Participant: 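I'd like to ask some things about the structure below.
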Amino acid sequence: MILLDYIIANTDRYYTNFSFLRNSNTLEWLGLVPIFDTEISMFNKISTEELKSAYFTDSKNIKAKPFYTKQLKQLEKFSSIIALQNINFSSLENIPDYYSELLSVNKRISKKRRDILVFQLGRRIEHAQSVFSGKMTL
């Protein structure tokens, strides 16, 4: 969840919008509830002009909740736990292209905005991967 929030720049994760699943018959813990409440992500409340500014292109400045105020710090803090999941970042290689195709269907999103968002998504995937490889470069 922390990794995905970082990749998609979700700025609205707070203590009451993540949960755990339990088997209602045995009360056995099953794990985290699938990700939800991601509507404030990928800079959806930010204008295209603001997206071009350094604030939104510098991953160190993206706001976070609930554990730290900045997403990069939050990702770094949980990186050892996330690393136990053996994330295969190569499986994300085509995600920016897929995202571009999805955005191109929406005629309300300009090509300029789509290009910025696709770039940001690819960049955030690379940044996340570099946190796990110990080679973070911004």
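None of these values were measured; they are calculated from a predicted model.
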Participant: Check Q74 against Y68 and note the closest heavy-atom contact, atom names and distance.
Facilitator: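 For Q74 and Y68, the tightest heavy-atom pair comes out as OE1-N, 3.1 Å.
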Participant: With rounding to the nearest 0.5 angstrom, report the NZ to CD1 distance, K77 to I82.
Facilitator: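 Spacing of NZ (K77) from CD1 (I82) equals 12.0 Å.
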Participant: Take T69 and K63 through the test side-chain contact (heavy atoms from CB on, under 4.5 Å) and record every step on the way to the result.
Facilitator: CA-CA 6 Å; T69 59; K63 293 178 185 175; over 6 Å; no
Participant: Check whether any side-chain N or O of Q71 sits under 3.5 Å from a backbone N or O of A64 as a donor-acceptor pair, and report yes or no.
Facilitator: no
Participant: Quick check against the 3.5 Å criterion: does Q120 have a side-chain atom that pairs as donor or acceptor with the backbone of A9?
Facilitator: no
Participant: Could you tell me which non-hydrogen atom of N23 sits nearest to which non-hydrogen atom of T26, and how far apart they are?
Facilitator: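 Closest approach of N23 to T26, heavy atoms only: OD1-N, 3.0 Å.
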Participant: Do V131 and L72 make a side-chain contact, defined as non-hydrogen atoms from C-beta onward lying under 4.5 Å apart?
Facilitator: yes
Participant: Parallel, tilted or perpendicular: which one describes the rings of F20 and W29, with boundaries at 30° and 60°?
Facilitator: perpendicular
Participant: Assigning hydrophobic clusters by single linkage (Ile, Leu, Val, Met, Phe, Trp, Tyr; side-chain heavy-atom cutoff under 4.5 Å), is L3 placed with L32?
Facilitator: no
Participant: For K45, enumerate each residue passing the salt bridge (Lys or Arg N to Asp or Glu O under 4.0 Å) test, keeping only those at least two apart in sequence or located in another chain.
Facilitator: none
Participant: With side-chain contact (heavy atoms from CB on, under 4.5 Å) as the test, would you mind laying out the steps for K65 and T11 before giving the verdict?
Facilitator: CA-CA 7 Å; K65 297 176 195 172; T11 59; over 6 Å; no
Participant: Are the side chain of D12 and the backbone N or O of S41 linked by a donor-acceptor pair below 3.5 Å?
Facilitator: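 No, D12 side chain to S41 backbone: no donor-acceptor pair under 3.5 Å.
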Participant: Got a sec, which hydrophobics cluster with I40, joining ILVMFWY side chains under 4.5 Å apart, including via others?
Facilitator: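 Taking Ile, Leu, Val, Met, Phe, Trp and Tyr as members, I40 stands alone, with no cluster partners.
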Participant: Given the rule in the side-chain contact (heavy atoms from CB on, under 4.5 Å) test, do I87 and Q129 qualify, once you have shown the distances and angles that lead to the verdict?
Facilitator: CA-CA 9 Å; I87 306 296; Q129 184 175 12; over 6 Å; no
Participant: Shortest non-hydrogen contact from R108 to N106?
Facilitator: N-OD1, 2.8 Å
Participant: Roughly how far, to the nearest 0.5 Å, is the CD1 atom of I2 from the CD1 atom of I81?
Facilitator: 9.0 Å
Participant: Using the rule that two of Ile, Leu, Val, Met, Phe, Trp, Tyr join whenever any of their side-chain heavy atoms come within less than 4.5 Å, decide whether L102 and L121 are in one cluster.
Facilitator: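 L102 and L121: separate clusters.
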Participant: Using every non-hydrogen atom in the two residues, find where G122 and P96 come nearest and quote the distance to one decimal.
Facilitator: CA-CG, 3.7 Å
Participant: Write out all pairs satisfying salt bridge (charged side-chain N to carboxylate O under 4.0 Å, His left out) with one or both partners inside residues 19-35, taking only residues at least two apart or from two chains.
Facilitator: none
Participant: Applying side-chain contact (heavy atoms from CB on, under 4.5 Å) to L117 and L51, what does each step give before you reach the verdict?
Facilitator: CA-CA 8 Å; L117 291 173; L51 270 175; 3.9 Å; yes
Participant: Can you name the nearest heavy-atom pair linking L75 to A128, along with the distance?
Facilitator: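 It is CD2-CA, 3.9 Å.
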Participant: Would you please name every residue forming a salt bridge (Lys or Arg N to Asp or Glu O under 4.0 Å) with E49, sequence neighbours left out?
Facilitator: K52, K112
Participant: Would you find a donor on one side and an acceptor on the other, under 3.5 Å apart, between the side chain of R124 and the backbone of Y6?
Facilitator: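 At least one qualifying donor-acceptor pair exists.
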Participant: Quick check: closest heavy atoms across N44 and R113, and the distance to 0.1 Å?
Facilitator: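 Closest heavy-atom pair between N44 and R113: CA-NH2, 4.1 Å.
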Participant: Scan for side chain to side chain donor-acceptor pair (under 3.5 Å) pairs involving residues 89-105, sequence neighbours excluded, and state none if there are none.
Facilitator: N88-S90
Participant: Going from CD1 on I125 to NE2 on H127, what distance comes out if it is rounded to the nearest 0.5 angstrom?
Facilitator: 11.5 Å
Participant: For a 4.5 angstrom cut-off between non-hydrogen side-chain atoms, does N10 reach M42?
Facilitator: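 No, their side chains stay 4.5 Å or more apart.
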Participant: Applying a strict under-4.5 Å side-chain criterion to I, L, V, M, F, W and Y, I'd like to know whether V105 and I109 cluster together.
Facilitator: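 Unlinked, V105 and I109 end up in two clusters.
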Participant: My understanding is that only residues two or more places apart in sequence, or in another chain, count here; which of them pass salt bridge (Lys or Arg N to Asp or Glu O under 4.0 Å) with K73?
Facilitator: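 Salt bridge (Lys or Arg N to Asp or Glu O under 4.0 Å) list for K73, sorted by chain: empty.
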